[in-house]
Amino acid sequence: MNDLLTDSFVSDARGGQTSRQSDIEMGRPIPQGNPDLGMEAFNKQIQDVEKQVDKLAELLKKLKDANEETKSVTKASAMKAIKKRMEKDIDEVGKIARGVKAKLEAISKDNLANRQKPGCEKGSGIDRARVNMTNALTKKFRDIMIEFQTLRQRIQDEYREVVERRVITVTGSRPDEETIDNLIETGNSEQIFQKAIQESGRGQVLNTLEEIQERHDAVKEIEKKLLDLHQIYLDMAVLVEAQGEIIDNIENQVTNAVDHVRSGTDALQTAKSLQKRSRKCMLISIILLLVIALIIILSILKPWKK
């Protein structure tokens, strides 16, 4: 009976340890056998947000491709068409990004509320899975928002290079930094090209003037729209940091729990080993007592003398 009880406790301890270690895995899906645990609705929320984040990735690629296209544009009409496309895509990005941000914040609140359910307490397998999956998706969203800000900076840098090349092409000389800064800031290039207009005529320089002005307007508008996304990135960075601290606390609790289970398992194994040794010693003692008793009985009865 003692062996059965001991083996049962050891088995339970080992099973608990394995389960806890398995639960620690980041973002591991949890079986949905019990709908009361809230995982079915949670997984659907996560999938919906993932689709929106994937749409953002597609729009980011479209914007990058459009920016590459602007490098070879020399006509104001072509630049205007690209600007219109990019502005439309950026507006869509803003709409989706704000929706994703709101949904992730709502999911984080739901994670806290879900801890009130039995079996979903803080540090439980369900709770860790929800927090890990939410944090992983939030990081993915934050990283994409960082890429949009990187694209904004790239557009600014490349705009400066394009403007400088246009000035060199028209005037035949390299402009100084102050001239480039003024042109980027105002978009007014007619004064800079005054000499070229006098020498070549306004008609020949007009296309370049219009293209530079259109490019200036496009860059300023796109920069403004992309800058609006920067606040969403900042909010997501704060949320990721907060979720990271929650995960660290939970993982520390889990590690301590696993250590306690392991210590308990070792103690039970030691107790079982001592129990076996004790029973073995008892059996030997009984045998020795029986042998001694037999010797005493034989010495008293002395059956061999009969």
Side-chain angles (χ1 to χ4, degrees), residues 26-27 45-73 76 78-109 132-165 180-181 183-185 187 211-245 247:
M26 297 294 288
Q45 287 179 307
I46 291 294
Q47 290 169 4
D48 289 343
V49 175
E50 282 180 337
K51 290 178 182 179
Q52 295 301 305
V53 173
D54 290 341
K55 285 184 180 180
L56 288 176
E58 293 173 3
L59 288 169
L60 176 64
K61 185 178 184 305
K62 286 180 65 177
L63 288 169
K64 287 181 177 179
D65 292 342
N67 181 53
E68 288 297 316
E69 188 179 347
T70 62
K71 296 179 183 179
S72 58
V73 167
M79 189 66 218
K80 188 173 184 178
I82 297 175
K83 170 193 172 187
K84 187 175 181 180
R85 283 180 6 229
M86 292 184 74
E87 287 180 346
K88 180 180 178 181
D89 288 338
I90 294 174
D91 287 340
E92 183 68 13
V93 168
K95 180 180 177 181
I96 294 175
R98 282 185 283 273
V100 169
K101 174 178 174 289
K103 288 180 180 179
L104 286 172
E105 290 173 341
I107 290 174
S108 296
K109 291 180 180 179
N132 288 336
M133 292 172 70
T134 303
N135 192 48
L137 187 54
T138 304
K139 285 182 177 179
K140 182 179 179 181
F141 176 52
R142 179 204 60 185
D143 291 345
I144 286 182
M145 300 311 294
I146 290 176
E147 288 198 56
F148 279 109
Q149 297 309 307
T150 301
L151 175 61
R152 178 176 67 87
Q153 186 60 50
R154 185 186 306 164
I155 289 174
Q156 287 180 326
D157 295 341
E158 291 173 351
Y159 171 49
R160 185 181 188 86
E161 295 173 2
V162 170
V163 168
E164 184 176 2
R165 287 199 301 270
I180 294 295
D181 289 340
L183 185 54
I184 290 175
E185 182 65 28
E211 185 262 330
I212 289 178
Q213 184 62 52
E214 192 64 48
R215 186 180 296 274
H216 170 268
D217 295 343
V219 169
K220 290 300 180 181
E221 186 63 27
I222 290 170
E223 179 185 359
K224 178 180 179 297
K225 289 180 178 293
L226 287 175
L227 194 58
D228 291 340
L229 300 177
H230 187 62
Q231 185 58 48
I232 298 178
Y233 155 70
L234 294 177
D235 293 341
M236 288 301 97
V238 172
L239 185 59
V240 167
E241 183 177 355
Q243 290 176 347
E245 292 176 357
I247 291 175

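Small disclaimer: the values here were computed from a predicted structure and weren't measured.
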Taking the side chain as everything from C-beta on, heavy atoms only, tell me whether Ile155 gets closer than 4.5 Å to Met86. yes

If you compare all heavy atoms of Glu214 against all heavy atoms of Ala76, which two are closest, and at what distance to 0.1 Å? CG-O, 3.6 Å

Locate the shortest heavy-atom distance separating Lys225 from Ile90; write the atom from each residue and the value. CB-CG2, 3.4 Å

Salt bridge or not between Lys61 and Asp65? Use side-chain N to carboxylate O under 4.0 Å. yes

Can a donor-acceptor pair be found, under 3.5 Å and without considering hydrogens, that links the side chain of Arg215 to the backbone of Thr70? yes

For the salt bridge (Lys or Arg N to Asp or Glu O under 4.0 Å) test, which of Lys62, Lys84, Lys95 pairs with Asp89? Lys62

Residue set satisfying salt bridge (Lys or Arg N to Asp or Glu O under 4.0 Å) with Lys140, at least two apart, ordered chain then number -> Asp54

Nearest 0.5 Å please: distance from the CG atom of Asn135 over to the CG atom of Leu104. 10.0 Å

Using the rule side-chain hydrogen bond (donor to acceptor under 3.5 Å, both in side chains), only one of Lys103, Lys109, Lys101 pairs with Glu105; which is it? Lys101

Return yes if some donor-acceptor pair links the side-chain N/O of Glu69 with the main-chain N/O of Ile82 below 3.5 Å, else return no. no

Spacing of Leu60 atom CG and Thr150 atom OG1 [to the nearest 0.5 Å]: 9.0 Å

If every non-hydrogen atom of Leu229 is compared with every non-hydrogen atom of Ala97, which pair is closest and at what distance? CD2-CB, 4.5 Å

Distance col, row Tyr159:OH vs His216:NE2, nearest 0.5 angstrom, shows 5.0 Å

Write down the atom of Leu56, the atom of Phe148, and the distance for their closest heavy-atom approach. O-CZ, 3.7 Å

Where do Leu226 and Gln149 come nearest, in terms of heavy atoms and distance? O-NE2, 2.9 Å

Side chain to side chain donor-acceptor pair (under 3.5 Å) partners for Arg142, two or more places apart: none

Once you round to the nearest 0.5 Å, how far does CD of Gln156 lie from CD of Glu161? 12.5 Å

Only one of Ile46, Thr138, Asp48, Leu137 clears side-chain contact (heavy atoms from CB on, under 4.5 Å) with Ile107; which? Ile46

Does a side-chain N-to-carboxylate-O contact under 4.0 Å join Lys83 and Asp217? no

Can you pull the salt bridge (charged side-chain N to carboxylate O under 4.0 Å, His left out) pairs that have at least one residue in residues 145-158, sequence neighbours excluded? Lys64-Glu147, Lys71-Glu158

Surrounding NZ of Lys220 (heavy atoms of other residues, nucleotides or ligands, distance under 6.0 Å), is the total greater than 12? yes

Rounded distance (nearest 0.5 Å) linking atom CZ of Arg85 with atom CG of Leu63: 10.0 Å

